[in-house]
Amino acid sequence: MSIGYIGLNHFLVVSAGMFGIGVYGLLAKRNAISLLMAVELMFNAANIALVAFARFGYHSAQPLAGDAFALFVITIAAAEVAVAIAILLLVYRLRGTVWVDEIDLMRW
Amino acid sequence: MNLPALVGQLGAAIPSGATVPGANSSFGFPLLSLIVWLPLVGALVILMLPNRSENDHGRIKNVALVFTFIPFFLTLIAVYVTVFIDLGVSYSGGFRYEENYNWLGVFGAQYHVGVDGISLPLVLLSTLLFFVATMASLNTKTRVKEYFFLLLVLDIGVTGVFTAMDLLLFFIFWEIELIPMFLLILIWGGKRRVYAAWKFLLYTIAASAALLLAILVLYFKGGAHTFDMTVLSQSHLAPALGGTLFWLFFLCFAIKLPVWPLHTWLPDAHVEAPTAMSVLLAGVLLKMGGYGMIRICVGFFPAAAKYYSLAILTLAVIGILWGGFAALAQDDMKRMVAYSSVSHMGFVLLGISALTPLALNGAVFQLFAHGIVTGSLFLLVGLVYDRAHTRSISELGGLAQRMPYLTVAWVIGALASVGLPGFVGFVAEFEIFLGSYGAHHIGTLLAVFGVVLSAGYLLWMLERVFFGPLKEAWAKLKDPTAIELFYMYGMLAIVFLTGVLPGKLTQLIDYAIAPLTQRLGGS
Amino acid sequence: MAAPYSLMYLIVLLPLVAFAVMFGLTYENKRVSAWLGILAVAGADVISIWALISELQKPIHIQYGLGPFSDFLRFADVHFSLGILADPLSAMMVVVVCSVSLLVQVYSLEYMKGEEGFVRYYAFISLFTFSMLLLVLSTNYFQTYIGWELVGVCSYLLIGHYFKRPAAAAAAKKAFIVTRFGDFPFFVGIAFIFFRFHGHMGGAADLDFYAISPLYHAGLVSQGGLFVMAMLIFSGAVGKSAQFPLHVWLPDAMEGPTPISALIHAATMVVAGVYLVARTYPLFAANPTSLVVVASLGALTSVMAAIWAVAQDDIKRVIAYSTLSHLGLMMFGLGVGAYSAAMFHLFTHAWFKALLFLGAGSVIHGVHTQNIWEMGGVGKRMKITTWCVAIGSFSAAGIIPFSGFWSKDGIMASVFATANPVFIAAAIVITFFSALYTFRLFFVVFTGEPARRRAFDPKKIHESGAYITVPLIVLAVLAAFIGFTGLPGSKQGFGQFIFFGKHPEVEAINYIAIGVSLVVALVGVTVAALFYWPRFQRFSAPAFNARYARHYDWSHNKGYFDEIYQALFVRGLVLRAGQATAWFDKNIVDYFVDGLADGYQLASERLRRLQGGRVQGYAIGLFAGVVAIAVVALVFGSSGPLSVVSGVGR
Amino acid sequence: MSNALVFTLAFYVLAIATLVSGLLVVTLRNIVHAAIALIATFFFVAWLYLLLNADLLWVAQLLIYAGAIPVLIVFAVMLTRRSMSDTSNAESGNVLWAAVIAASVFGLLIAVMMPAAWHVGNYPSGLAGTTAVIGRELVNHYAVPFEVVSVLLLVGLIGAVVLARREGE
Amino acid sequence: MTVATLRQLAPEIILAVTALLVVIAGLFIESDHQLDDGAGERPRSVATAIALLGCVASLGAMALLISSTAVPRNAFFGTFVLDRFALFFEAILVVFAMVTVLVGFRFTEHFRPHQSEFIALILLATVGGMFMVSAREMIQLYVSLETLSIALYVLVAFNKGSRLSSEAGFKYLIVGAASSAVLLYGLAILYGLTGRTELDAVARQVAAGGFNSPALVLAMIFVIGGLSFKIAAVPFHQWVPDVYQGAPTPVTAFISVSSKAAGYGLLIRVLNSALLPMSHQWAIYLAVIAAITMVVGNVTALTQTSVKRLMGYSSIAHAGYIIMGLVAMADGRTATLAIGAVLFYILVYGLTNLAAFGALQAVQEGTGGDDLSSLAGVGRNGGGVPLVLALSMLSLTGIPPLIGFFAKFFVFLAAVQAGYAWLALIALVNSAVSSVYYLKVVRALYADDGPERRRLTVGPAMWTALGIGVLAILPLAAFANVFVQRAQDAAAAVLR
């Protein structure tokens, strides 16, 4: 099934790409805030997949479950970002840095 | 109210398991549980007592004395009734004083205790030595409360091992011993106590790992999904599996016994441990290994024991000679006695490898004998060390002139250890060698040479430490005090009595060995 | 069972009770203790003489269990027992042991007076007497072994009486350990016997002598097996009776008090080996090869000891080597089949050798030295001692008509009967040197002028008191006359009482043997006189020794056996093995054990470093882990192209 | 232009825009620029949702993601110094590892998901808007999570307040 | 949805309302209290009392639910279950929460003026955990998981003055979010393959559609992986030591027990429903993970000096043992035994760990540090606190007759019965190795020489917490049968 020339896989490629970008950002960036942004990208990637599945794999027993799921994810992400930023500010206040490779008091 | 009884009632108190009528206790009360668990009561009492002044220390010591004496006394009653009243009359083998309560019914584990001819002498040995060890610890000054607390906890484990008839229970008791002994060495030990304690711990825990794995496999492959030792001992296993399990169990017990080359923890642990703990290590803890071998390795896997007899013999002979030679080279008296333990426990292994009724009887008897004799020797080393503050054979000399009573005790102890007739060790060695000769000619010959070695190192030590001219440094030494003399000569009296009249005891042991050897013949 | 046999258990019991009482109750009271020991052994002696008389009247074999110990070990089908055995052999031995013990104890009243450890000394003598009697009256190998070990220990304790002297302590240890080298094959021999004959005992206790005797011939054991068995048992005898190569302990044992030397190391314990061979003679008889070994070893020991004795300077050592030589002779006799003669020699030897030792003790008591060159001229001042020792010397040298002559003659006869030239030569050498060293000693010590010794006035030398002289006289009488109980050709002599196998015919007297041995002995005495009796001195001993220095040194140093053993076995083998095992434990076994622990430690240090502390590192690990797991699962999992696993699912 | 062609064109434009802006988020070296790229990404994703008929999500995405979250992030950027410089969003030392792992994650997902036999359903043609359906589902199937989310938001609220509040003020 | 169906949520609702009450009470009492600058005892006492009462009420509600036959076991279209399995976990979660609150009683002093928020967050996190173990539907699963996680992020960073605490919170958050994304993606794939989010429905679809598709395998790995974060399994374990070390000790305790317990509950549920058709796949996967996890945890712990950090590695190691039990779950014959063993393990491990952290907390209050060196000689003056710490260490080692042994034993038993003797052997060796570092703590307490210290004193709240721990560690062994029986019942429920 597809809509025009566009099928489920097209959306999944976008989703996978987003996820990969998120992973890269999470692993490569130095600023803690951009790590948060990368995580948001990953959630979005999953959301794209969920919504696409809901669209292409509609199930009458649970109509649009993917959409609902994505809605919850958006909500959760918002709460998580709020808490994350609070923690980040706390770290910044105590340490004067948001660079993740400088936040390594505890190791080994 | 003791714990197991309580457990029994809460656990729906189903006295399951087949208890043979008549073979059971005539006391009608949980004798063995009392023997095993009373020290726990003592330990808890000690935990509650204050620990500030000399007075408090005295009270703690008295509690420890009481709670090690009562089990000893109860055991004496049990032994008296069994050996002098019931033996051959109403008792002719099997377990007695059995208690069987549901405990972990989900897995088929029971609180099941009982004693037979193999375990009863060892229960006697352990309760006796714990009482003696408590007496020998009375001059403890540092951290009295912890010391006696741990001592009593140790008591539970050791006595429990000899009474457990459920394999899981056996394992639990087996493990209880570990930590108290570790701490007792670590805190009250000698100069290299840290090394010795860790070594003891790691060896022992490795042994436990093997034991637990073996128990688990046996539980499933034994067919009955039970931990009951009487049932498991009858399980029929494929030879390959039986052999594997045999060696797994053997590994565990070999570390404890110890068997060459797994013995190096022993000299370190014995040397660094405080006197009373050396006594217990040599006197009862090693016996757990020998007991396990006879009860489980031989009892459960007679075919494998027979099949691997030669391998075990080899280990035994190496151990006997190795320990003997190494003892010759020691300058530390305690280390020498420790190596002599390696040698003497080799005799036990020799008896086990032979698998004849006489040899197995001797092996059990040697467990008992070595426990008392070497226990005494460690006491005596301790008495020397307490006064001279050294155990170096080359530094000491001529002590007989200052400490005649101690010297006499030492001579008796050494001669008993050498295997002199009239002392308990002789009977055991005689049985073992006569029993094993039929199975292994050359092996026995080599093993008997170990006796010559033991004469060598012990008498040489006596000569250098006690005889000859008195060295100036030791001119002020004093003979032991009254209480020291009491337990010292008390032990030697037992060494003597059991050596002169071993008949009943060996008969008792035979009741337990006979069914075992019958199975050996049949398999 | 009538008296005296039913009372024989008292023979064993009385000394034991004496020992226990002395150590337990009367340790502080010297007089009471000593007399207690004497009375106990006297009582035992009375019963044993009674038993001997009964046996003489009617030789009989009786044995019974020793009360509660008759079932010492009894379970399943094994039965080890302690008991009392009465037959002519044991009756004779019991009398020897009790009598010598009695005399020695009386003697010690004076000899040991004022010594430290007086009661300990008496107690141990009682204990020894008990042990020796237990051994002698033993009904089986098991009991024999017990007694065997106990006498060994008593010997250890008594040699080490002067434990403050390093030499005494060392000698005690040496005696015990060297004997152990014989004991352990003996023990294995017992095990061998048990293994072969257990189950054929027919109701008797295991290892019973009389029950086993017929079994040696029953075909249960091959000849080779019998030989091994006999050699194993004989090893015990070699150790205890100080036969070559385990002879080295006996001379050193002279560090003990002299009466002990007389009792243990001359009259009783050291002959236990001979007694053992005699007791188990059926075994040896069943395998003739073993007897050849016994004879050869006995002869070798005897010859060597006799030669060494000539070059010793210590009075007790001379006698000790003499003892060695005589013990060898007894073995020699047993080996060549002179069972009765060997036993007779054991019997006579007990008296004259005890006499010699006690006499020597008396001299030492007077002169306060043991070096014979510091003595001399004692004869003038200690008349009784001198005469007694003279009798003893004649007896030991084998001069007619003293007791030693008659017993030695019996052995000589049998040796000559073998017609083995080596054996005959050996016998002649032994006889010659016996006479030589015995009288060398006598002349040096008792004749001539009092030797000069620093700070010692010869006038102080005086005869010992009655407690010493009376036992000497008793023994001298016995040494002089007891030989007549075994006159060759006699119809009621010793040979008709104690014998092996069938009741023997009265033997024809072998005059050649008598003649040769007498002549050789007299030659020996003459040579001794020419060298050492000042009145007849023709040769200078020092000059002779210097001329044959190499031979003299060899002899003086007892063939260097002590040195060789020390270097080869003690230092070279045993101690080195000890060091090697200890080294191995420390450096090899523990290396691996500690290495394992260190390995874990190292691994831990390495693994810790993975935990870098930076959160991105953790994230990298996380994603890399997931990818890796996924790739592995997809490629190698059950759905993958390279599936290698197949799990069990439900 | 047919509907399908418009749809296709729209998808590609949006997809490329989404991914490019996403890439910009993780490559731009100025954190403020990256934040703006993030807003763009969320914005394009919202339109992707609309392509998938998810009108409710389109709204939610625009409001919450493209609206609220970036605001929070910008706040954070502002509150932390050093943020405005050109190296405020620099790479750490892990770039190579990050690239390799990200690429392999992407590769893995593509390799597995492309050939997968996804569940196929018939999207009801008469479905005008999803809001009604989702709303019904929220009080039926997802009633419990709906309640749990309230707990979650409470947690977030308390947490943010507690952590962000400066002591002693 | 009626009020009747809401009854089934009573325990959770009671707890959530309690949390709100605590916050509100805190606000009032706090302002009241600011006038009087005396001790901070009163507000804490009130908040704690309310919390404990709420917990008890919640437990009471559970008791009513479990005994009542009128209450359906499923609700909300089967997305929410209330079987014995769920109730078992809910009960232990609430108990854990109670003990945590008690352990933190004195420590929350440092959190003024947010003491009541601290308690409330613990309760809310517990609510999240309770929803987790009752979840039978992906959305609820995910939402409740995140509720728990976010609450914990905050709690970890709660010690606002501490650099370690905030760093730990930050690390926890980043790794948690990444894991959460992985889990979410896995769930999305599962949804895509089946079109359903109800776990049972997913299982049916998967079973019908064949279970060998690579996408399914990937989904399985993502889902298990995402959940591994909660249970601290390799490779999702690296946050553990840092967070354990940095978080306030009561929070560390809470993470190590509640978060883990809920994680296991959920994992068992997922493995036995949605992923059940793939049991042969996850068995191997988990077996390997178990082996690696226990080795990494135990070996790394050997050289630790911070006790809290050491406990973190210990936590990883124990995750390995428990996963071994999960492996045994794959075998139909041993499934009940295995799950029963795992549940028992979780209960025992939780109580023991709480006792350990409680005692550690008390020691820290006395000595100011959690290093082995600051523990030195603490036990010399006697007293109960070091004894509890030592006992819990020994229990964690698995020394009989302490309860930890039985937990391990049952898991080993299950593994061997399922044919994983090799895994049991690895576990045994590891268990032996673990004795070294646990006993290091005991050694420090009792054998090492330390500065002269006064005997540690603790308040009644801590005593209650430690008492519960000791009761669990020591005499529980004798009555283990009862608890094992409950665990087995619960296991049977999840297998139904």
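Throughout, protein chains are lettered first and strands after them, A, B, ... in sequence-line order, and every chain is numbered starting at 1.
- Within residues 163-197 of chain C, no residue has any heavy atom under 4.5 Å from a heavy atom of chain E.
- Looking only at heavy-atom pairs under 4.5 Å with chain E, the residue among C:Ala603, C:Gly613, C:Gly625 that has the most is C:Gly613.
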Next on the checklist: For a side-chain contact (heavy atoms from CB on, under 4.5 Å) check, start with the C-alpha distance between E:Met329 and E:Val342, then their side-chain angles and the critical distance, and finish with the verdict.
Outcome noted: CA-CA 9 Å; E:Met329 208 163 67; E:Val342 167; 6.0 Å; no
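- Of the residues considered (E:Val182, E:Val175, E:Ile221), E:Ile221 shows the highest number of contacts with chain C, using heavy-atom pairs under 4.5 Å.
- Residues C:Phe124 and C:Phe23 bring their aromatic ring centres within 6.0 Å.
- Within the 4.5 angstrom heavy-atom criterion, only side-chain atoms of E:Val433, from C-beta onward, approach chain C.
- Using modelled atom types, no side-chain atom of E:Thr334 and backbone atom of E:Ala418 make a donor-acceptor pair closer than 3.5 Å.
- Note on C:Arg608, C:Glu605, C:Gln616: by heavy-atom pairs under 4.5 Å with chain E, the leading option is C:Arg608.
- Under the 6.0 Å cut-off for aromatic ring centres, E:Tyr313 and E:Tyr437 do not qualify, their centroids lying 6.0 Å or more apart.
- Listed options C:Gly621, C:Ala628, C:Ala619, C:Ala624 were ranked by heavy-atom pairs under 4.5 angstrom with chain E; first place goes to C:Gly621.
- Side-chain rings of E:Tyr153 and E:Tyr172 approach one another, their centers coming within less than 6.0 Å.
- Panel note: side chain E:Lys440, backbone E:Leu302; a donor-acceptor pair is recorded below 3.5 Å.
- A pairwise comparison of heavy atoms in E:Val243 and E:Ala168 identifies CG2-O, 3.7 Å as the closest pair.
- Taking the six-membered ring for Trp and thresholds of 30 and 60 degrees, E:Phe222 and E:Tyr185 have ring planes more than 60 degrees apart, a perpendicular arrangement.
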